[in-house]
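Everything on this sheet refers to the single structure shown next.
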Amino acid sequence: MVVEVSPPTIDLSGKDESQVQLSKLIVEACEGYGFFKVVNHGVPVQIMRAMEDESFEFFQKPSAEKQRSFGYGNKNIGVSGDKGELEYLLLQTNQISLIDNQSSQFSYRVVVGYVEAARRLACDLLGLMAEGLGLPKYSFSTLLTDPHTDSLFRLNHYPPVSHPSTIDGFGEHSDPQILTLLTSNAVPGLQISLPNALWLPITPDPHAFSVIVGDLLQVMTNGRFMSVRHRAIANTSSTQSRLSMVFFGGPPPETTIACPPQLLKLNKPLYKPFTWAEYKSHTYAHRLGDTRLDHFKLF
Ligand SMILES: O=C(O)CCC(=O)C(=O)O
Ligand SMILES: [Fe+2]
């Protein structure tokens with residue numbers, strides 16, 4: 001069932017004056033929903049629109065040309081047989097692979113500009129979260145500023161589909177990394193799962209970012225933050241294509257993922273420690289919709 005309520009929206013324009021209040025609201029949103037929207041986030045609108053233009057240009061290319069691009073996929077999501085009504089391009093964000101990928105497809109300047117702006121915003125938000133939890137500001141964000149950060153940038157393109165379908169754009173899942181920043185054009189599609197098992201459609205706003213708590217952040221907060229399950233319904237609503245641009249902030253592969261001891265004063269750890277590399281292998285071996293964290297639960 002789908003419901004009509006508004007997800008939390010965080011206005012970052014007062015970031016410098018009202019940090020304590022913002023941190024509190026963000027922590028509440030991550031505990032209650034694993035999700036919030038962020039407005040007045042400081043990512044320049046020109047950077048967002050330029051990336052959107054480049055993405056549409058890419059997806060308009062002939063199929064054979066797209067197929068030759070490393071990271072391109074059509075209808076097959078991942079390697080475990082999941083399918084969706086979309087095509088996508090998945091890029092590693094370290095600079096070398098960006099150069100390799102972009103030399104013929106994208107303006108290097110536009111992609112790097114976007115990814116770096118998204119990474120900065122993710123770090124600002126992780127700083128506010130850490131402070132809201134009573135941790136040192138950089139507790140989480142150093143994992144994304146590390147030169148070996150394993151972050152990804154994904155462009156999802158949902159062409160309009162004519163046959164009736166309600167859910168199969170991108171099936172239900174949680175994101176495995178730490179934090180996801182997603183923005184889309186004005187065509188709707190994204191829905192998040194609420195704790196009472198209802199689906200909440202997220203009104204698209206090309207100026208805002210949707211912030212999604214990933215599995216690793218759930219572990220690093222010992223389950224206090226919730227990695228929210230979400231999906232994109234197939235694009236049946238219009239003759240216009242839907243585009244989402246998604247930055248996934250992940251740590252260096254050998255990072256051990258565990259909750260900081262300061263957050264464990266009253267509670268036992270819920271998960272056994274694992275490395276991001278281990279978790280990724282586990283993820284790839286499972287279906288999109290599987291609840292992968294259960295495997296690492298201690299109780
Ligand atoms: O396109 C969307 O709105 C959702 C995409 C998504 O969840 C993902 O790429 O992980
Ligand atoms: Fe996702």
Side-chain angles (χ1 to χ4, degrees), residues 2 7 30 33-38 48 51-52 55-56 58-59 71-80 82-93 114-115 118 122 150-161 165-193 199-218 225-238 240-250 279-280 283-284 286-293:
V2 170
C30 293
Y33 292 82
F35 179 93
F36 57 93
K37 271 183 156 183
V38 56
M48 298 175 78
M51 193 61 242
E52 190 178 311
S55 307
F56 273 122
F58 171 76
F59 288 115
Y72 176 76
N74 191 356
K75 296 209 161 73
N76 292 306
I77 304 173
V79 290
S80 305
D82 292 292
K83 304 238 181 269
E85 289 291 344
L86 84 162
E87 55 178 344
Y88 60 87
L89 189 70
L90 184 58
L91 304 171
Q92 299 283 339
T93 64
Y114 186 92
V115 166
D150 186 16
S151 295
L152 297 173
F153 182 42
R154 179 174 187 126
L155 303 168
N156 295 314
H157 181 238
Y158 303 82
V161 291
S165 165
T166 45
I167 56 164
D168 284 325
F170 200 126
E172 170 181 353
H173 65 283
S174 61
D175 291 341
Q177 292 85 356
I178 299 173
L179 199 68
T180 302
L181 297 188
L182 179 150
T183 185
S184 78
N185 67 345
V187 179
L190 178 65
Q191 300 188 339
I192 63 167
S193 169
W199 286 100
L200 173 61
I202 303 300
T203 308
D205 177 352
H207 296 285
F209 281 95
S210 287
V211 182
I212 297 172
V213 170
D215 293 342
L216 299 189
L217 195 53
Q218 176 165 324
F225 289 5
M226 183 179 65
S227 83
V228 65
R229 292 175 77 74
H230 55 283
R231 68 186 184 187
I233 57 165
N235 178 12
T236 51
S237 53
S238 80
Q240 217 191 329
S241 280
R242 173 166 188 265
L243 177 78
S244 65
M245 307 193 291
V246 197
F247 172 81
F248 301 95
Y279 194 62
K280 274 210 302 188
T283 299
Y284 291 141
H286 285 76
R287 299 295 298 255
L288 182 67
D290 287 348
T291 313
R292 312 163 209 115
L293 273 182

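Note that the numbering runs from 1 along the sequence shown for the chain. Whatever order the structure lists ligands and atoms in, that order sets their numbers, starting from 1.
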Requested in this report: Assess the pair Tyr114 and Phe153: is the distance between their ring centroids shorter than 6.0 Å?
Outcome: yes

Report summary line: With sequence neighbours left out, the residues meeting salt bridge (Lys or Arg N to Asp or Glu O under 4.0 Å) with Asp175 are none

Where does ligand 1 get N/O contacts under 3.5 Å from the protein, atom by atom?
residue	atom	partner	partner atom	Å
ligand 1	1 (O)	Tyr158	OH	2.6
ligand 1	1 (O)	Arg242	NH1	3.1
ligand 1	1 (O)	Ser244	OG	2.7
ligand 1	3 (O)	Arg242	NH1	3.2
ligand 1	3 (O)	Arg242	NH2	2.8
ligand 1	7 (O)	His173	NE2	3.1
ligand 1	7 (O)	His230	NE2	3.0
ligand 1	9 (O)	Asn156	ND2	3.0
ligand 1	10 (O)	His173	NE2	3.2
ligand 1	10 (O)	Asp175	OD1	3.3

Report summary line: For Val187 and Ser241 the tightest heavy-atom approach is CG2-O, 3.5 Å

Query raised in the report: Which heavy-atom pair separates Gly249 from Ser151 by the least distance, and what is that distance?
Result: CA-OG, 3.5 Å

Query raised in the report: Any idea how many protein N, O or S atoms are nearer than 2.8 Å to the Fe ion (ligand 2)?
Result: 3

Report task. Could you give me the CA-CA distance, side-chain angles and deciding distance for Arg292 and Asp215, then say whether salt bridge (Lys or Arg N to Asp or Glu O under 4.0 Å) is met? Result -> CA-CA 9 Å; Arg292 312 163 209 115; Asp215 293 342; 2.6 Å; yes

Query raised in the report: Do the charged groups of Arg287 and Asp82 touch, with an N to O distance under 4.0 Å?
Result: yes

Query - Donor on one side chain, acceptor on other, Tyr72 and Glu87, under 3.5 Å - result: yes

Report task. State which residues pass salt bridge (Lys or Arg N to Asp or Glu O under 4.0 Å) with Lys75; sequence neighbours excluded, sorted by chain then number. Result -> none

Query raised in the report: Parallel, tilted or perpendicular: which fits the ring planes of His157 and Phe56, with parallel below 30° and perpendicular above 60°?
Result: perpendicular

